[in-house]
Colleague: 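Dropping the structure in here first, questions after.
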Amino acid sequence: MTTTYRPLTEQEAIEIARTIEGIFPEGADLKSREIGDGNLNLVFHITDPASGSSLIMKQALPYAKVVGESWPLTLDRARIESESLILQNKLAPGLVPQVYRYDAALALTVMEDLSSHVIMRRGLMDTIDYPLFADHISTFLARTLFLTSDLGMNQQEKKLLVRDFINPELCKITEELIFDDPYTDAETNNIPAPIRDAVEAIWQDGELQFEVALLRQKFLTSAEALLHGDLHTGSIFITPESTKVIDPEFAYYGPMGFDIGAVIGNLLLNFAAQEHWSSDADARARYRTNLLTMIESIWTQFETKFRALWNEQSVDRLASAAPGYQDFYMKRLLQDTIGFAGCKMVRRVYGLAHVADIDAITDETVREKAQRLALAIGTALIRGNRQAETIGHVIDIVKKEGF
Ligand SMILES: Nc1ncnc2c1ncn2[C@@H]1O[C@H](COP(=O)(O)OP(=O)(O)O)[C@@H](O)[C@H]1O
Ligand SMILES: CSC[C@H]1O[C@H](OP(=O)(O)O)[C@H](O)[C@@H]1O
């Protein structure tokens with residue numbers, strides 16, 4: 001019998017969970033709860049309280065949940081997500097959840113339950129330290145980006161991957177919500193009234209918009225590597241010892257700096273919000289310093305690992321032989337990273353989808369201060385991206401804008 005698509009109920013999710021081999025004991029009394037808190041999909045948490053076994057079922061809806069049925073969205077994103085997770089697990093073992101099953105008809109991915117971890121955005125709001133994160137995420141980024149690029153894999157096979165990960169509808173969301181709508185009076189924007197003046201100044205800023213247009217062009221045309229495509233701190237599960245990247249439904253072949261910039265931009269959004277989350281001025285200064293050290297370390301470790309892969313595993317003779325090419329490439333990648341980090345910050349302050357780091361700030365004055373700081377840092381990163389020589393450029397901007 002062929003299954004036809006329908007959004008699952010909690011009970012139907014249990015029936016499917018029973019058919020996944022090797023997770024639950026025969027006849028287990030399974031519990032099911034829909035826990036999706038993202039913008040797009042249903043997520044069922046299935047548990048057997050007796051054995052402690054569990055799994056996650058993520059199902060795509062045929063529309064964007066955050067907006068409703070008026071915004072139809074392809075179910076193919078579930079295939080993109082499950083195939084990306086499987087590939088990422090090969091390239092960066094242990095840094096993503098294990099996929100148990102993908103069901104195309106139901107647009108359903110069944111995967112490892114990571115409830116022992118917390119969503120990193122929540123962890124940062126609780127001012128937890130993650131000393132191994134820079135090491136883990138730089139490994140994830142260096143390996144997934146290098147090994148899916150023309151530098152690190154067979155260039156004909158790469159073209160087939162580009163084809164398999166064509167993701168036009170999800171890319172359109174990014175093209176509009178990150179690279180277009182925030183720079184005009186678009187209906188999708190969700191502008192906090194107290195910062196309207198700062199937003200209108202951005203709409204008048206031609207130099208800024210020129211830089212955004214250059215970054216947007218890269219997002220539209222640079223098929224450098226298979227990106228995660230939405231690598232914010234809500235897409236990372238974490239503990240002080242372990243990091244797991246989830247939710248790659250926006251995966252496509254794009255510019256590498258977009259993924260690295262997403263991580264850095266989201267850490268800086270949390271930096272801007274620390275006025276609220278830290279318990280006092282000393283704690284705030286310490287946590288903010290840690291965030292900046294983490295950002296520096298993510299880039300420097302990424303660069304070291306990416307260069308090592310290049311020196312040891314490159315498949316591109318000319319890229320390895322041409323004097324100065326690797327240095328030129330890394331500098332351009334740093335500049336892209338900084339520009340994309342800025343774009344990621346700006347959209348999360350007054351675009352369609354905000355971040356809890358800032359929106360959950362209860363005091364209106366503190367929230368406005370965080371919003372203005374995030375905009376000041378984000379726009380400065382965009383403006384100066386093509387002048388950056390080192391990651392110190394980011395740290396200098398942050399210190400200048402508001403420490
Ligand atoms: N593998 C997992 N283990 C445990 N919880 C998960 C897992 N995947 C998703 N979740 C939960 O579901 C939420 C939404 O998942 P996410 O993949 O971000 O969905 P969306 O694509 O709708 O944003 C996460 O914030 C997390 O709470
Ligand atoms: C209309 S989708 C808005 C926004 O939501 C996605 O994030 P997530 O699925 O992780 O909640 C993505 O960032 C989109 O830009």
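Just so we're clear, the structure is a prediction, and the values are computed from it rather than from any experiment. Each residue takes its place number in the sequence, starting with 1. Because only heavy atoms are used, hydrogens play no part in the values below, and waters and symmetry mates are left out as well, while side chains stay in. Start at 1 and go down the list; that is how both ligands and their atoms are numbered.
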Colleague: Is the closest N or O pair between Leu40 and ligand 1 shorter than 3.5 Å?
Modeller: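 Among all N and O atoms of Leu40, at least one is under 3.5 Å from an N or O of ligand 1.
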
Colleague: Against heavy atoms of Glu249, which atoms of ligand 1 measure under 4.0 Å?
Modeller: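 What qualifies from ligand 1 is 21 (O).
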
Colleague: Would you mind checking which non-hydrogen protein atom is closest to atom 2 (C) of ligand 1, with the distance to 0.1 Å?
Modeller: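 Answer for atom 2 (C) of ligand 1: Ile56 CG1, 3.4 Å.
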
Colleague: Could you tell me which atoms of ligand 1, counted from 1 in the order shown, lie closer than 4.0 angstrom to a heavy atom of Glu112?
Modeller: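 The atoms of ligand 1 under 4.0 Å from a heavy atom of Glu112 are 1 (N), 2 (C), 3 (N).
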
Colleague: Could you tell me the residue and atom name of the protein heavy atom closest to atom 4 (C) of ligand 2, and the distance to it rounded to 0.1 Å?
Modeller: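 For this ligand atom, the closest protein heavy atom is Asn39 ND2, 3.5 Å.
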
Colleague: Does ligand 2 have a heavy atom under 4.0 Å from the side chain of Val66, from its backbone, from both, or from neither?
Modeller: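 Side chain only; the backbone of Val66 stays clear of ligand 2.
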
Colleague: Got the closest protein heavy atom to atom 10 (O) of ligand 2, with its distance?
Modeller: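 Going atom by atom, the protein heavy atom closest to atom 10 (O) of ligand 2 ends up being His232 NE2, 2.8 Å.
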
Colleague: Can you confirm if the aromatic rings of Phe133 and Phe140 lie within a centre distance of less than 6.0 Å?
Modeller: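 Ring centres of Phe133 and Phe140 not closer than 6.0 Å.
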
Colleague: What part of Asn41, side chain, backbone, both or neither, has a heavy atom within less than 4.0 angstrom of ligand 1?
Modeller: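 Answer for Asn41: both.
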
Colleague: Could you give the distance from CG (Leu55) to CD1 (Ile16), rounded to the nearest 0.5 Å?
Modeller: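 Those atoms lie 10.5 Å apart.
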
Colleague: Any side-chain to backbone donor/acceptor pair from Gln335 onto Arg386? Under 3.5 Å, distance only.
Modeller: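 Here the side-chain-to-backbone pair exists.
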
Colleague: Checking the N or O distance criterion of under 3.5 Å, is ligand 1 in contact with Leu114?
Modeller: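 Indeed, backbone or side chain, Leu114 has an N or O that close.
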
Colleague: In the protein, what heavy atom is nearest to atom 15 (O) of ligand 1, and what distance, to one decimal place, separates them?
Modeller: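 Nearest protein contact, heavy atoms only, for atom 15 (O) of ligand 1 is Val43 CG2, 3.8 Å.
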
Colleague: Using a 3.5 Å distance criterion without hydrogens, assess whether the side chain of His232 forms a donor-acceptor pair with backbone atoms of Arg121.
Modeller: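 No, His232 side chain to Arg121 backbone: no donor-acceptor pair under 3.5 Å.
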
Colleague: Quick one: pull up CZ in Arg348 and CG in Leu269 and give me the separation to the nearest 0.5 Å.
Modeller: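 One gets 8.5 Å once the value is rounded to the nearest 0.5 Å.
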
Colleague: Backbone N or O of Asn311 within a donor-acceptor pair of the Ser314 side chain at under 3.5 Å?
Modeller: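 No, Ser314 side chain to Asn311 backbone: no donor-acceptor pair under 3.5 Å.
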
Colleague: So which heavy atom in the protein is nearest atom 9 (O) of ligand 2, and how far is it from that ligand atom?
Modeller: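 Of every protein heavy atom, Asp247 OD2, 3.7 Å lies nearest to atom 9 (O) of ligand 2.
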
Colleague: Show the nearest heavy-atom pair for residues Pro7 and Leu61, with the distance to one decimal.
Modeller: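 Here Pro7 and Leu61 meet closest at CB-CD2, 4.0 Å.
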
Colleague: Checking a contact table here: which protein heavy atom is nearest atom 5 (N) of ligand 1, and how many Å away?
Modeller: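 Of every protein heavy atom, Phe237 CZ, 3.4 Å lies nearest to atom 5 (N) of ligand 1.
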
Colleague: Would you check the N or O atoms of Asp247, main chain and side chain alike, for any that come under 3.5 Å of an N or O of ligand 1?
Modeller: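 Asp247 vs ligand 1: N/O contact under 3.5 Å present.
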
Colleague: Hey, does the side chain of Thr188 reach the backbone of Leu352 with a donor-acceptor pair shorter than 3.5 angstrom?
Modeller: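 Between the backbone of Leu352 and the side chain of Thr188 there is no qualifying donor-acceptor contact (under 3.5 Å).
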
Colleague: Please compare Ile236, Asp113, Asp37 and report which has the shortest non-hydrogen distance to atom 27 (O) of ligand 1.
Modeller: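 Answer by nearest heavy atom: Asp37.
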
Colleague: What part of Val67 sits under 4.0 Å from ligand 2 if we count only heavy atoms: the side chain, the backbone, both or neither?
Modeller: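 Neither; no heavy atom under 4.0 Å.
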
Colleague: List the closest protein heavy-atom neighbour of atom 11 (C) of ligand 1: residue, atom name, distance to the nearest 0.1 Å.
Modeller: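 Atom 11 (C) of ligand 1 sits closest to the protein heavy atom Ile35 CD1, 3.8 Å.
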
Colleague: Just jot down the ligand 1 atoms closer than 4.0 angstrom to any heavy atom of Met111, in number order.
Modeller: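 This gives 1 (N) as the contact atoms.
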
Colleague: Donor-acceptor pair, distance only, cut-off 3.5 Å: does the side chain of Asn89 make one with the backbone of Gly94?
Modeller: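 The answer is yes, because a donor-acceptor pair under 3.5 Å joins these two groups.
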
Colleague: Please state which part of Arg348 comes within less than 4.0 Å of ligand 2, counting heavy atoms only: side chain, backbone, both or neither.
Modeller: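 The answer is the side chain of Arg348.
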
Colleague: Donor-acceptor pair, Trp277 side chain versus Asp357 backbone, under 3.5 Å?
Modeller: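 Yes, because the side chain of Trp277 sits within donor-acceptor range (under 3.5 Å) of the backbone of Asp357.
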
Colleague: Just heavy atoms, cut-off under 4.0 Å: does Lys344 contact ligand 2 by side chain, backbone, both, or neither?
Modeller: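 For Lys344, there is no contact with ligand 2 at all, from either part.
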
Colleague: Which atoms of ligand 1 sit under 4.0 Å from any heavy atom of Asn39?
Modeller: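 Those atoms are 22 (O), 23 (O).
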
Colleague: State the atoms of ligand 1, each with its element, that fall below the 4.0 Å cut-off from a heavy-atom position in Ile119.
Modeller: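 Numbered from 1, ligand 1 contributes 25 (O).
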
Colleague: Measure the acute angle between the ring planes of Trp310 and Phe306, then classify it against the limits of 30° and 60° as parallel, tilted or perpendicular.
Modeller: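 Taking Phe306 first and then Trp310, their aromatic rings stand perpendicular (interplane angle over 60°).
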
Colleague: We want to know whether Ser278 and Gln274 form a side-chain donor-acceptor pair, criterion being a heavy-atom distance below 3.5 angstrom.
Modeller: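 A donor-acceptor contact under 3.5 Å links the two side chains.
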
Colleague: Under 4.0 Å from ligand 2, counting heavy atoms only, is it the side chain of Leu352, its backbone, both or neither?
Modeller: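 Contact part for Leu352 vs ligand 2: side chain (C-beta onward).
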
Colleague: Which is it for Phe340 and Phe258 under the ring pair (Phe, Tyr, Trp, His ring centres under 6.0 Å) test, yes or no, and what are the steps along the way?
Modeller: CA-CA 6 Å; Phe340 287 128; Phe258 188 75; 5.5 Å; yes

Colleague: Suppose I only count heavy atoms of Lys58 and a 4.0 Å limit; which atoms of ligand 1 are within that range?
Modeller: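 In order of numbering, the contacting atoms are 16 (P), 17 (O), 19 (O), 20 (P), 21 (O).
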
Colleague: Determine yes or no for a side-chain-to-main-chain donor-acceptor pair under 3.5 angstrom, with Glu224 supplying the side chain and Met256 the backbone.
Modeller: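 Here the side-chain-to-backbone pair exists.
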
Colleague: For the pair Ser138 (side chain) and Gln301 (backbone), establish whether a donor and an acceptor sit closer than 3.5 Å, ignoring hydrogens and angles.
Modeller: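 No, Ser138 side chain to Gln301 backbone: no donor-acceptor pair under 3.5 Å.
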
Colleague: Tell me the protein heavy atom at minimum distance from atom 2 (S) of ligand 2, and give that distance in Å.
Modeller: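 Sorting protein heavy atoms by distance from atom 2 (S) of ligand 2 puts Leu40 CD2, 3.8 Å first.
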
Colleague: N/O of Trp71 under 3.5 Å from N/O of ligand 2, yes or no?
Modeller: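 Not met; the criterion fails.
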
Colleague: To which of Asp230, Asn41, Leu170 does the heavy atom nearest atom 7 (O) of ligand 2 belong?
Modeller: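 Considering heavy atoms of Asp230, Asn41, Leu170, the nearest to atom 7 (O) of ligand 2 sits in Asp230.
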
Colleague: Considering only protein heavy atoms, which is closest to atom 15 (O) of ligand 2, and at what distance to one decimal place?
Modeller: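 Protein heavy atom with the smallest distance to atom 15 (O) of ligand 2: Arg347 NH2, 2.7 Å.
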
Colleague: Between Lys65 (side chain) and Asn41 (backbone), is there a donor-acceptor pair under 3.5 Å?
Modeller: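 Confirmed, Lys65 side chain pairs with Asn41 backbone.
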
